[in-house]
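First the proteins, then the strands, lettered A, B, ... as listed; each starts at 1.
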Number of protein chains: 2
Amino acid sequence: MTADSSCSKRESGDDRRVAIALAARRIIFERGLEGLRTRDIAASVGINIATLHYHVPTKEALVALVAESLRHDFKAQAMRHPRTGKNGLERLHLEFDDFRETVLEMPELVVVLTELIARARRDPAVAEIMIPMREFWKNQIADVFRLGIADGSFRSDVDPDAAALIVTGAVSDCWRRSDMSPALLDQFLAELERAFTPR
Amino acid sequence: MTADSSCSKRESGDDRRVAIALAARRIIFERGLEGLRTRDIAASVGINIATLHYHVPTKEALVALVAESLRHDFKAQAMRHPRTGKNGLERLHLEFDDFRETVLEMPELVVVLTELIARARRDPAVAEIMIPMREFWKNQIADVFRLGIADGSFRSDVDPDAAALIVTGAVSDCWRRSDMSPALLDQFLAELERAFTPR
DNA sequence: TAGTCTCAATCAAATGATTGATTGACGACC
DNA sequence: GGTCGTCAATCAATCATTTGATTGAGACTA
């Protein structure tokens, strides 16, 4: 206890808010938005409830902070692997590699994403963050399909927008299952590629 | 008010519980599990909070009742259109017709389903109802694919289980979007069929 | 009549949020 | 280098309301 000198120093506002968002994400993962309590977050961060309110004034603002936090991670993720010089199919394949990595590294991500997307229906502040995120992802995949059709790595009768909806939807749902064996995951992703490749 | 004679008769326990489940579903649709309050359900049904507890002893039991209610509707739905004498592709097509109907008739269904499936991770009583339901649906679709491969209406290299995951996942996610135009929905479903048909 | 169902009032605890006092950090000034 | 003032950050205590649930009496039904 006395050796713990890091506790005597105050964190900056931004660091605090990051810690708050991460704690909230963990709790949402475990208990859903349903079970998210401001006091639990404060306890998890190691601060008083009033301090939490000092940094994040309302619970609603807190949920929006979580949404921002997710957006931030999502963005960092999207920049991870360059796609230049790859054809459509190769890019789709890289998307799936990213997916596998994310499942391993951030299992909680999609559970929290799902809760926030559901909340977007009833909270405009959250919608403002989550819906553009989702659309961005879908449009990225649609562009991969357009490229693939042009370079011949996908069937010419593929509808890029519809295909993107299929891929993003199937991948999201698969992610939510979280109990899939690696073998079944491989089967699933292989079948998803086969769905669009020429014969 | 005085002309309202239906209020003068007591409902049976079963009818009450049905009304309670339906009220709860409506509230979950509007506010999520996060915003589900026993008093709001009681008010919506037109009964006192103690009466609600008489019929459904705890909030947990109430959520399980909602899960049962969903299962019941899901079952009724599955029996709706006979599938005899149809090949694989025709059956898949009928599944999609059902999907369209359900989107129109019960828009709240998948929002509530999603909330309950998320809750299944942390509530064994709900998991016991929701997970078998989901697996049943997936296995039905997998059987459609097996039939279709055998009758030649689907590609022979389709992996039925993986394909079922793709279809159920994509359809569920699409359903959750709830803001899709009918034209885009048609495109989506057509592309989903093309993904598995021979060339 | 007996069992079922319903209600208003109530309980104990939880919940999001507030208040006022105190502490920490930093820069200016002597 | 020490002191002071200012602002940011923190805390314990508290508030007002909500929440899931309970109690005991009365109403309803067959």
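Residues that satisfy the side chain to side chain donor-acceptor pair (under 3.5 Å) test with A/D186, not counting sequence neighbours, are A/R100. Remark: A/R194 pairs with A/E191 by the side chain to side chain donor-acceptor pair (under 3.5 Å) rule, at least two apart or across chains. The salt bridge (Lys or Arg N to Asp or Glu O under 4.0 Å) test applied to A/K138 returns A/E135, not counting sequence neighbours. B/T102 is linked by a side-chain contact (heavy atoms from CB on, under 4.5 Å) to B/Q77, B/M106, B/L109, B/W175, counting only residues two or more places apart in sequence or in another chain. In this structure, the salt bridge (Lys or Arg N to Asp or Glu O under 4.0 Å) partners of A/R31, at least two apart in sequence or on a different chain, are A/D40.
Atom P of nucleotide D/dA21 and atom CD1 of B/I41 are separated by 11 Å, given to the nearest angstrom. Between B/I47 atom CD1 and C/dA8 atom P there is a gap of 12 Å when expressed in whole angstrom units. When rounded to the nearest whole Å, the span between CZ of B/R17 and P of C/dT4 equals 12 Å. We find that CG of B/D15 is positioned 16 Å from C1' of D/dC28, with the value rounded to whole Å. Rounded to whole Å, the distance from CG on B/L52 to C1' on C/dC5 is 13 Å. Taking atom CG of residue B/L65 and atom P of nucleotide D/dG20, one finds them 16 Å apart after rounding to whole Å.
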Secondary-structure string, 5' to 3', Watson-Crick or G-U under 3.5 Å, | for another-strand partners, for DNA chain C: ||||||||||||||||||||||||||||||
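Cluster note: B/V18 groups with B/L22 through ILVMFWY side-chain heavy atoms spaced under 4.5 Å, whether in direct contact or through intervening members.
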Return a table of donor-acceptor pairs under 3.5 angstrom between the side chains of residues 47-55 of chain B and protein atoms on other chains or two or more places apart.
unit_1	atom_1	unit_2	atom_2	d
B/N48	OD1	B/A50	N	2.6
B/H53	ND1	B/P57	O	3.1

Contact string for nucleotides 9-19 of chain C, one letter per nucleotide 5' to 3', B = base within protein heavy-atom range under 4.0 Å, S = sugar-phosphate only, - = neither, reads -B----BBBBB
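For the pair B/R16 and C/dT6, the criterion of a side-chain N or O lying under 4.0 Å from OP1 or OP2 is met.
Under the 4.5 Å side-chain heavy-atom criterion for ILVMFWY residues, a single connected hydrophobic cluster contains both A/L192 and A/M180.
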